[in-house]
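Proteins get letters first, then strands, A, B, ... in listed order; numbering begins at 1 in each.
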2 protein chains.
Amino acid sequence: MRTGGNETKKKILAAAEELFAEKGFDGASVGMIADAVGINKGLIYYHFKNKDDILVSLFAAVIDELSEHLKNGPAPHGGAADGAAVRDKLRQEIRFLEKRKRILSVMLMEAFKREDKENFLLKCAEMSMKQEDEYFAGSRAHKFSGAASEQEYLVFEFFTGFIPVITFVAMKDKWTRYYNCDGDELLERFLDSFEKAHLTVHEPKAVR
Amino acid sequence: MRTGGNETKKKILAAAEELFAEKGFDGASVGMIADAVGINKGLIYYHFKNKDDILVSLFAAVIDELSEHLKNGPAPHGGAADGAAVRDKLRQEIRFLEKRKRILSVMLMEAFKREDKENFLLKCAEMSMKQEDEYFAGSRAHKFSGAASEQEYLVFEFFTGFIPVITFVAMKDKWTRYYNCDGDELLERFLDSFEKAHLTVHEPKAVR
DNA sequence: GTCTATAGCAGGATAGAC
DNA sequence: GTCTATCCTGCTATAGAC
């Protein structure tokens, strides 16, 4: 197959993303990736230094995309808290993340390994929390009333904001299969839940 | 070493739990487990059918413990919502889960693999949500005001209740290392956050 | 119940032809 | 840029002595 190097590299990354998400990084082998692309195993080592390099490339790409996406995100809503606008923005964010659900699943798996390696999930979290921070900067509910410290704010945003969203994106397909329900409806139910649990703290006036 | 079969089996399980949590199920090998226990690789196959059998034994054990724990859990608090009591109960639950943090980390990693296998995490979630259901049964905030459907209730409990708690337990050590902070303090900050985000929906009168 | 030994294969990675 | 061939290590799992 003569598709040019960059095309092949992209195909390798796509197949790797799929297989890592399916079986985990250690559960998927370089040989499987090569088979999935329809190339020889050796060719992968022309395009990547080693197996880990494939994973890091995927993580770097999603971090770049996320960073770019956040930079171009909607401007801060000034002053008045508007529940519907916040919900729409969140729905939009989740749709964006859903396109990257495979690599995000892998990032989650890697983040739960207790050995310490660079934690890409925390990197993503810090990026997106910084953005949320700016988004709510104009609102009177900024950092919500009663955040005792920077540390509490971080804990709140990470465990009750970022983690539920990322987990939802990563597990949505499993959930719809397990409970045999519709994906779009599930998203709306998640938004209901997330509004009640997380967003009301930012926006005391929103739906209860 | 002559310690009797059951002792050895326990040691194998303990070492496996540690290594699976450290490197993931596929990242840890049977040989590493044997080395950690100080026994021969072959002996592991006397005690377990195969590598997967070790993992399933660990999952089964934690599910049994959790089931037992939930059965003997505090009786439902009748009528009045008491914020402090709920916080104490939750702190207690987290302390219990922290003793199983390793195997819970593994359960999380496995749950994010997109291939479908038996999902032990969802099993645990269903067990513990059923218990929470009973705990709040006497409260006027049962299933919180405004849960449109059983599906919404489930989504709410899972993504804004169960997942933040389990993730907190699995990532607490990483967090304290990354942000160089104290574990007990972090737990209190998490309880603050969780009260604000999740529990207020159960208990409209609790701290805001 | 524990060990030694080894089968048998798959893994990551490299060398060199084309 | 791609493929073939191959190295070597490490893996899961089994057989059989003690």
Side-chain angles (χ1 to χ4, degrees), chain A residues 1-61 103 106 109-110 113-115 117-118, chain B residues 1-61 103 106 109-110 113-115 117-118:
Chain A
M1 215 184 274
R2 301 267 144 179
T3 49
N6 262 353
E7 278 303 310
T8 300
K9 194 166 181 177
K10 277 181 204 162
K11 281 186 194 170
I12 294 169
L13 286 170
E17 184 177 352
E18 184 75 41
L19 282 161
F20 290 164
E22 181 102 2
K23 301 167 176 302
F25 176 71
D26 299 291
S29 75
V30 176
M32 293 168 92
I33 297 169
D35 288 350
V37 181
I39 56 170
N40 188 276
K41 208 169 57 160
L43 184 51
I44 290 184
Y45 290 92
Y46 172 79
H47 291 285
F48 298 92
K49 205 168 90 273
N50 51 35
K51 193 186 174 189
D52 222 76
D53 187 31
I54 305 176
L55 185 64
V56 173
S57 296
L58 287 168
F59 284 167
I103 193 62
V106 182
M109 291 183 235
E110 293 301 305
K113 289 185 184 168
R114 301 181 78 79
E115 64 189 353
K117 290 190 298 194
E118 203 181 349
Chain B
M1 219 184 275
R2 302 267 144 177
T3 49
N6 261 353
E7 278 302 309
T8 300
K9 195 166 181 177
K10 277 182 204 163
K11 281 185 194 170
I12 294 169
L13 286 169
E17 184 177 352
E18 183 76 42
L19 283 161
F20 291 164
E22 180 105 3
K23 301 166 176 302
F25 175 72
D26 299 291
S29 75
V30 176
M32 295 167 92
I33 297 169
D35 287 349
V37 181
I39 55 168
N40 189 274
K41 213 169 48 162
L43 184 52
I44 289 183
Y45 290 93
Y46 171 80
H47 290 285
F48 297 92
K49 207 169 88 270
N50 53 36
K51 191 186 174 187
D52 222 77
D53 187 30
I54 306 175
L55 184 65
V56 173
S57 296
L58 286 168
F59 285 167
I103 193 61
V106 182
M109 290 184 236
E110 294 301 306
K113 288 184 184 170
R114 300 181 79 80
E115 64 189 352
K117 290 189 298 192
E118 203 183 350

Q | Nearest-Å distance for atom pair CD1/P, residues B:Ile44 and D:dA13 | A | 11 Å
Q: Give the nucleotide from the list D:dC11, C:dG1, C:dA5 with an atom nearest to the side chain of B:Asn40.
A: C:dA5
(Q) Is there a side-chain contact between A:Arg114 and B:Phe20 in this structure, where contact means two heavy atoms from C-beta onward sitting under 4.5 Å apart? (A) no
Q: Kindly indicate whether the side chain of B:Ile44, heavy atoms from C-beta on, has any atom under 4.5 Å from the side chain of B:Ile54.
A: yes
Q | First of B:Lys49 and B:Met32 reached from the 5' end of DNA chain D, by closest nucleotide | A | B:Met32
Q | A:Asp26 vs A:Lys113 side-chain heavy atoms within contact, under 4.5 Å | A | yes
Q. In whole Å, what is the span from the NZ atom of B:Lys41 to the P atom of C:dA7?
A. 13 Å
Q: Please state how far atom CG in A:Asp52 lies from atom P in C:dA13, giving the value in whole angstrom units.
A: 8 Å
**Q.** Separation of D:dC11 C1' from B:Phe25 CZ (nearest whole Å)
**A.** 12 Å
(Q) Using side-chain heavy atoms (C-beta onward) and a distance below 4.5 Å, is B:Lys51 in contact with B:Leu55? (A) no
Q | Interatomic distance, B:Lys9 NZ vs C:dT2 C1' [rounded to whole Å] | A | 16 Å
**Q.** Whole-Å distance separating the CG atom of A:Leu19 from the P atom of C:dG12
**A.** 11 Å
Q: Would you mind telling me which of C:dG12, C:dT2, D:dT2 lies closest to the side-chain atoms of A:Lys51?
A: C:dG12
Q: Specify the separation, in whole Å, of atom CD1 of A:Ile39 and atom C1' of C:dC18.
A: 17 Å
**Q.** Any B:Tyr46 side-chain nitrogen or oxygen under 4.0 Å from OP1 or OP2 of C:dT2
**A.** no
(Q) Of the options C:dT4, C:dG11, C:dT6, whose atoms approach the side-chain atoms of A:Ser29 most closely? (A) C:dG11
Q) Counting side-chain heavy atoms from C-beta on, which of D:dC3, D:dT4, C:dT2 comes nearest to B:His47? A) C:dT2
Q) Would you say a side-chain N or O of B:Asn50 is under 4.0 Å from OP1 or OP2 of D:dT12? A) no
(Q) Could you tell me how far apart B:Phe48 (CZ) and C:dG1 (P) are, to the nearest whole angstrom? (A) 13 Å
Q.
Between A:Glu110 and B:Met109, is there a side-chain heavy-atom distance shorter than 4.5 Å?
A. no
Q: Would you indicate, yes or no, if C:dA13 has its OP1 or OP2 atom less than 4.0 angstrom from a side-chain nitrogen or oxygen of A:Tyr45?
A: yes
